Amino acid sequence: MKIQHIRNATLWLEYGGTTFLIDPMLSEQGANPPIINTENDRRNPLVTLPGAVEQWLSPNVILVTHLHPDHWDAAAISLLPHDLPLLCQEGDGDKLSKQGFEHISEISDSLTFNGVTITRTGGQHGTGEIGKLMGKVSGFVFQAENEPVVYVAGDTIWCDEVKITLDAFKPEVTIVNAGGAQFLTGGHITMNEQDVVDLCEYAPSTKVIAVHMDAINHCLVTRDKLKVHLEKEELQDRVQLPEDGEWCYV
């Protein structure tokens, strides 16, 4: 197994002989407006892709954790072949079909694709009214013969749903969206520095890969901030902070 962190939450996962493109956000730098009601008005994405987009347009399958535009943008809809298999959470299939994709499978519990079992997990995309407005989100656990168990947590804070997944699957690798995304009101809606520390302490056997930083204007936790916090807690060896385009081998 190997994982390439492309940018933001976009991942290229080579697992069980299958290539997965996860949460593709493929827009050019600054192509999209800023997320509103945040502390700055920088246009998104904040940074360029780490290479020519064509290299990520031919996976075996696409997986979209949810349909927020920093995980599934107009560029991805336009550029990716519409005949590729596309996996999503229950309830998102109709919209994806209307966008022209032809082979959509909703995952309500689990399914097996090319010998890889993919199980949907829950999460909390914030708390209170903000959390309700963010809507349904999902994570996914990957399992295959002769592969480590991989948990892609998705857009969630540290919460009971994440604990339940860690307890049930005991993943060797956990990928978290750690940008501490936040609006002017309400708490953070993706994991912040302390959430990552709490996860590491709760599940000491999992290797953590932290992504979804330095690319969207409302993600206020940068790689540098997270690195400092992890060093303070003596957890820097437990968490990998890949740069855009960097490969992670497990």
Side-chain angles (χ1 to χ4, degrees), residues 3 8-11 13 15 20 22-25 61-72 86-96 104-113 116-144 148-183 186-192 194-212 218-219 221 239:
I3 303 164
N8 198 47
T10 307
L11 304 170
L13 172 63
Y15 188 89
F20 294 84
I22 301 173
D23 282 353
M25 181 187 70
V61 59
I62 306 162
L63 173 63
V64 181
T65 61
H66 66 302
L67 298 182
H68 288 172
D70 58 334
H71 295 255
W72 180 247
L86 197 161
L87 310 178
C88 65
Q89 66 180 358
E90 188 175 26
D92 287 350
D94 185 59
K95 185 172 182 179
L96 292 165
I104 300 163
S105 298
E106 294 188 349
I107 304 177
S108 57
D109 182 17
S110 67
L111 62 75
T112 299
F113 182 91
V116 179
T117 298
I118 306 161
T119 303
R120 180 193 170 268
T121 65
Q124 294 182 28
H125 202 357
T127 57
E129 289 303 314
I130 292 292
K132 292 178 183 178
L133 289 171
M134 290 298 98
K136 179 180 178 181
V137 293
S138 295
F140 294 93
V141 174
F142 294 77
Q143 295 170 288
V149 177
V150 175
Y151 172 29
V152 177
D155 265 7
T156 183
I157 58 174
W158 175 241
C159 61
D160 287 342
E161 289 88 341
V162 176
K163 295 177 187 177
I164 289 168
T165 302
L166 293 167
D167 290 341
F169 292 93
K170 294 180 171 45
E172 283 114 305
V173 180
T174 299
I175 303 170
V176 298
N177 294 341
Q182 190 161 353
F183 298 100
H188 59 288
I189 61 172
T190 61
M191 290 195 190
N192 63 12
Q194 189 57 46
D195 286 345
V196 177
V197 169
D198 290 343
L199 188 153
C200 288
E201 293 178 343
Y202 187 85
S205 65
T206 195
K207 177 180 176 61
V208 178
I209 299 173
V211 299
H212 205 328
H218 72 325
C219 291
V221 176
V239 183

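All values below come from the heavy atoms of this structure, side chains included, with hydrogens, waters and symmetry mates left out. On a predicted model such as this, the values are computed, not experimentally measured, just so you know.
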So D70 and H218, side-chain hydrogen bond (donor to acceptor under 3.5 Å, both in side chains) or not? Walk me through it. CA-CA 11 Å; D70 58 334; H218 72 325; 4.9 Å; no
Rounded to the nearest 0.5 Å, how far apart are CG of N177 and CG of D155? 5.0 Å
By ring pair (Phe, Tyr, Trp, His ring centres under 6.0 Å), which residues pair with H125, not counting sequence neighbours? H66, H68
Show the numbers, then the answer: is there a side-chain contact (heavy atoms from CB on, under 4.5 Å) between F20 and L11? CA-CA 8 Å; F20 294 84; L11 304 170; over 6 Å; no
Ignoring hydrogens, what is the shortest heavy-atom contact between S108 and R120? Give both atom names and the distance. O-CD, 4.0 Å
With side chains defined as the heavy atoms from C-beta onward, is the minimum distance between L199 and T174 less than 4.5 Å? yes
I157 and I189 have their tightest heavy-atom pair at CG2-C, 3.7 Å
Could you tell me which residues satisfy salt bridge (Lys or Arg N to Asp or Glu O under 4.0 Å) with D167, sequence neighbours excluded, listed by chain and number? none
Contact check, side chains of V149 and V173, non-hydrogen atoms, under 4.5 Å: no
Under the criterion side-chain contact (heavy atoms from CB on, under 4.5 Å), I'd like the reasoning laid out for K95 against L67: C-alpha separation, chi angles, the key distance, then a yes or no. CA-CA 9 Å; K95 185 172 182 179; L67 298 182; 3.7 Å; yes
Partner residues of D109 under the salt bridge (Lys or Arg N to Asp or Glu O under 4.0 Å) criterion, sequence neighbours left out: none
dist L86:CG -> L63:CG (nearest 0.5 Å) comes out at 8.0 Å
Return the set of residues passing side chain to side chain contact (heavy atoms under 4.5 Å, CB included) with T165 (not counting sequence neighbours), or none when no residue passes. T121, V141, Y151, F169
Could you report the tightest heavy-atom contact between Y15 and F142, atom names first, then the distance? OH-O, 3.0 Å
Residues in side-chain hydrogen bond (donor to acceptor under 3.5 Å, both in side chains) with S105, at least two apart? none
Name all residues meeting the side chain to side chain contact (heavy atoms under 4.5 Å, CB included) criterion together with K170; count only those two or more places apart in sequence or in a different chain, and write none if there are none. none
Under a 3.5 Å cutoff, is there a donor and acceptor pairing between the side chains of S110 and T117? no
What pair of heavy atoms forms the shortest contact from N8 to V211, and how long is it? O-CB, 3.6 Å
Partners passing side chain to side chain contact (heavy atoms under 4.5 Å, CB included) against Q194 (at least two apart in sequence or in another chain): N192, V197, D198, H229
Evaluation steps, side-chain contact (heavy atoms from CB on, under 4.5 Å), between L166 and K163: CA-CA 5 Å; L166 293 167; K163 295 177 187 177; 5.5 Å; no
For C219, enumerate each residue passing the side chain to side chain contact (heavy atoms under 4.5 Å, CB included) test, keeping only those at least two apart in sequence or located in another chain. A181, H212, I216
Please tabulate, one pair per line, all N/O donor-acceptor pairs under 3.5 Å involving side-chain atoms of residues 127-137, not counting sequence neighbours.
unit_1	atom_1	unit_2	atom_2	d
K136	NZ	E90	O	3.0

Within the structure provided, determine whether P171 and V150 are in side-chain contact (heavy-atom separation under 4.5 Å). no
So, taking the atom named CD1 in I107 and the one named CD in Q89, what distance separates them when rounded to the nearest 0.5 Å? 10.0 Å
Distance check, rounded to the nearest 0.5 Å: W158 atom CH2 versus T156 atom OG1? 10.0 Å
Quick one: do L87 and V64 satisfy side-chain contact (heavy atoms from CB on, under 4.5 Å)? Show the steps, please. CA-CA 6 Å; L87 310 178; V64 181; over 6 Å; no
Taking side-chain hydrogen bond (donor to acceptor under 3.5 Å, both in side chains) as the test, write out the residues that go with D23, two or more places apart. T65, H71
Flag the pair V208 / V176 as yes when at least one side-chain heavy-atom distance between them is below 4.5 Å, and no otherwise. yes
Only counting residues at least two apart or in another chain, list the ones meeting side-chain hydrogen bond (donor to acceptor under 3.5 Å, both in side chains) with T119. none
The side-chain hydrogen bond (donor to acceptor under 3.5 Å, both in side chains) partners of E161 (sequence neighbours excluded) come to Q124
Smallest heavy-atom separation, A178 atom then A210 atom, equals CB-CB, 4.0 Å
Of all the heavy-atom pairs spanning I104 and C88, show the shortest one and how long it is. CG2-SG, 3.9 Å
